[in-house]
Amino acid sequence: MRPGRILAGEMKAPDEQATDPRSYEVRTFGCQMNVHDSERLSGLLEDAGYQRAPQGEQADVVVFNTCAVRENADNRLYGNLGMLAPAKAARPGMQIAVGGCLAQKDRSEITRRAPWVDVVFGTHNIGSLPVLLERARHNDEAQVEILESLDVFPSTLPTRRDSAYAAWVSISVGCNNTCTFCIVPSLRGTEKDRRPGDILAEVEALVAEGVLEVTLLGQNVNSYGVEFGDRQAFGKLLRACGAVDGLERVRFTSPHPKDFTDDVIAAMAETPNVMHSLHMPLQSGSDRVLKAMRRSYRRDRYLGILERVRAAMPDAAITTDIIVGFPGETEDDFAQTLEVVRAARFAGAFTFQYSKRPGTPAAELADQLPKAVVQERYQRLVELQDEMSWSESKKLVGQVLDVLVAEGEGRKDGATQRMSGRAPDNRLVHFVPPDVSTGRPRPGDVATVEVTYAAPHHLVCDGPVLGVRRTRAGDAWESRSQQAREPGVLLGMPAMPSVAATAGA
Ligand code: SF4
């Protein structure tokens with residue numbers, strides 16, 4: 001047993017020990033950081049003897065991994081907690097824990113408003129969850145433990161990975177920037193970088209387990225190395241990933257235009273397994289608004305980066321985040337955002353209507369815009385971006401792509417009889433699989449297909465599959481799904497940056 005590890009039920013007197021392992025469920029809100037933290041929470045709980053609850057069954061322990069970035073996050077949390085209160089009252093011994101950004105922000109306010117919560121833990125001490133659960137049971141009293149800074153880099157904690165073929169690898173946590181719309185720095189702290197050797201050891205271990213694709217994760221990957229004084233550390237890390245035998249696809253999120261340097265472009269272009277896809281948050285096309293957001297690049301620098309990326313990698317698919325209606329944004333500022341969107345030719349964009357996030361400097365600004373103005377601008381932006389996404393996608397019709405087959409990515413696959421996966425540039429691809437007799441690809445295998453139709457947000461390949469490469473990742477997926485007809489296991493790949501992409505750079 002790992003030193004210091006506490007098993008479920010360990011603090012109870014022998015006659016009180018539960019004979020069956022206690023079950024757990026982790027409910028995740030928010031960004032990729034939280035999705036990855038939830039993999040760690042699951043790993044920690046399993047290491048402590050808990051078992052994932054079968055889908056649809058009430059778990060003995062329910063953990064909420066919360067997000068403070070989205071509007072009304074607190075109402076949603078308290079609503080969920082309220083709905084769980086009767087289940088807890090009816091089930092002696094059931095426990096509820098709340099962690100993540102909202103817990104870091106609200107602290108004991110959570111147990112004040114929802115006294116049936118047993119444990120509140122923050123973003124810096126997720127490793128304490130099993131101990132806190134046991135202490136709450138033993139003392140029969142809610143435990144609230146929030147640390148102001150990181151006690152242990154979360155990647156050293158046990159992890160239960162959702163996917164057999166694609167994995168998140170954390171390279172840093174926290175952020176040294178102070179974007180005025182963002183709550184992340186006050187909840188996740190300043191940037192802490194993980195040592196390159198530890199990152200590469202994790203990548204190598206993942207590849208040995210069958211993983212083909214890793215996504216390097218940080219709030220601002222381009223400032224990676226600031227802690228140990230190497231401004232070119234991120235480019236070097238990409239190149240080092242290129243030397244990992246068996247690793248086929250390397251992605252990263254999120255970069256920051258302020259810190260994005262040409263050595264990273266060169267590393268992307270010269271390292272064969274680094275994919276030519278880039279999610280580069282723009283936020284606004286107006287220099288005046290960027291300044292008010294405290295984003296220290298300007299539109300010319302942003303467009304210059306895109307130009308150099310495309311000169312080095314003409315096939316690069318570039319996506320972005322844009323906020324519409326930041327306080328004080330004029331029609332002219334917004335027109336400049338539309339201009340940049342036209343010039344940038346984004347393959348896709350996560351677009352957000354600005355809304356006040358309590359605790360952020362922008363929430364205090366006087367010139368908040370009326371909802372109707374924000375809504376109308378948002379509509380125009382979405383229409384333009386859809387048009388741009390579609391025209392970029394259409395360029396791929398007739399191209400042959402290697403698709404890493406995924407599970408759970410094609411919501412209509414059942415109805416359309418197709419399978420789905422990701423192209424090297426991370427576009428979602430739906431294709432008609434070969435007959436079972438000729439061998440269907442498994443999630444984690446690679447199918448070679450020709451694009452027959454392009455939609456704004458996905459590609460369709462309705463011709464015959466040109467080839468299927470069975471991979472170690474497909475083998476890993478197969479053995480995992482055989483052993484683990486275990487309930488509740490999700491074998492998907494990390495999704496594209498989404499909901500809380502504004503919480504990244
Ligand atoms: Fe840091 Fe990104 Fe938040 Fe800005 S938006 S403060 S770069 S996490």
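In this chain, residues are counted from 1 in sequence order. For ligands, and for the atoms within them, numbers begin at 1 and follow the listed sequence. Just the heavy atoms: all of them, side chains too, but no hydrogens, waters or symmetry mates, feed the values below.
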Any Arg294 heavy atom less than 4.0 Å from ligand 1:
no

Heavy-atom distances under 4.0 Å are what count here, so tell me which part of Pro281 touches ligand 1: side chain, backbone, both or neither.
neither

Should the pair Arg76 and Phe29 be classed as cation-pi, given the thresholds of under 6.0 Å to the six-membered ring centre and 45° from the axis?
no

Excluding sequence neighbours, so at least two apart, what forms salt bridge (Lys or Arg N to Asp or Glu O under 4.0 Å) with Arg107?
Glu148

Between Ser420 and His430, is there a side-chain donor-acceptor contact under 3.5 Å, judged purely by atom types and distance?
yes

Could you tell me whether atom 3 (Fe) of ligand 1 has an N, O or S atom of Cys179 under 2.8 Å away?
no

Which of the ligand 1 atoms, numbered from 1, are nearer than 4.0 Å to a heavy atom of His256
7 (S)

For ligand 1, which atoms, with element, lie under 4.0 Å from some heavy atom of Pro185?
6 (S)

Determine whether more than 12 heavy atoms belonging to other residues, nucleotides or ligands lie under 6.0 Å from atom CD of Glu307.
no

Under the rule for side chain to side chain donor-acceptor pair (under 3.5 Å), what residues qualify as partners of Glu392, not counting sequence neighbours?
Lys395

Do any of the N, O or S atoms of Cys182 sit under 2.8 Å from atom 1 (Fe) of ligand 1?
no

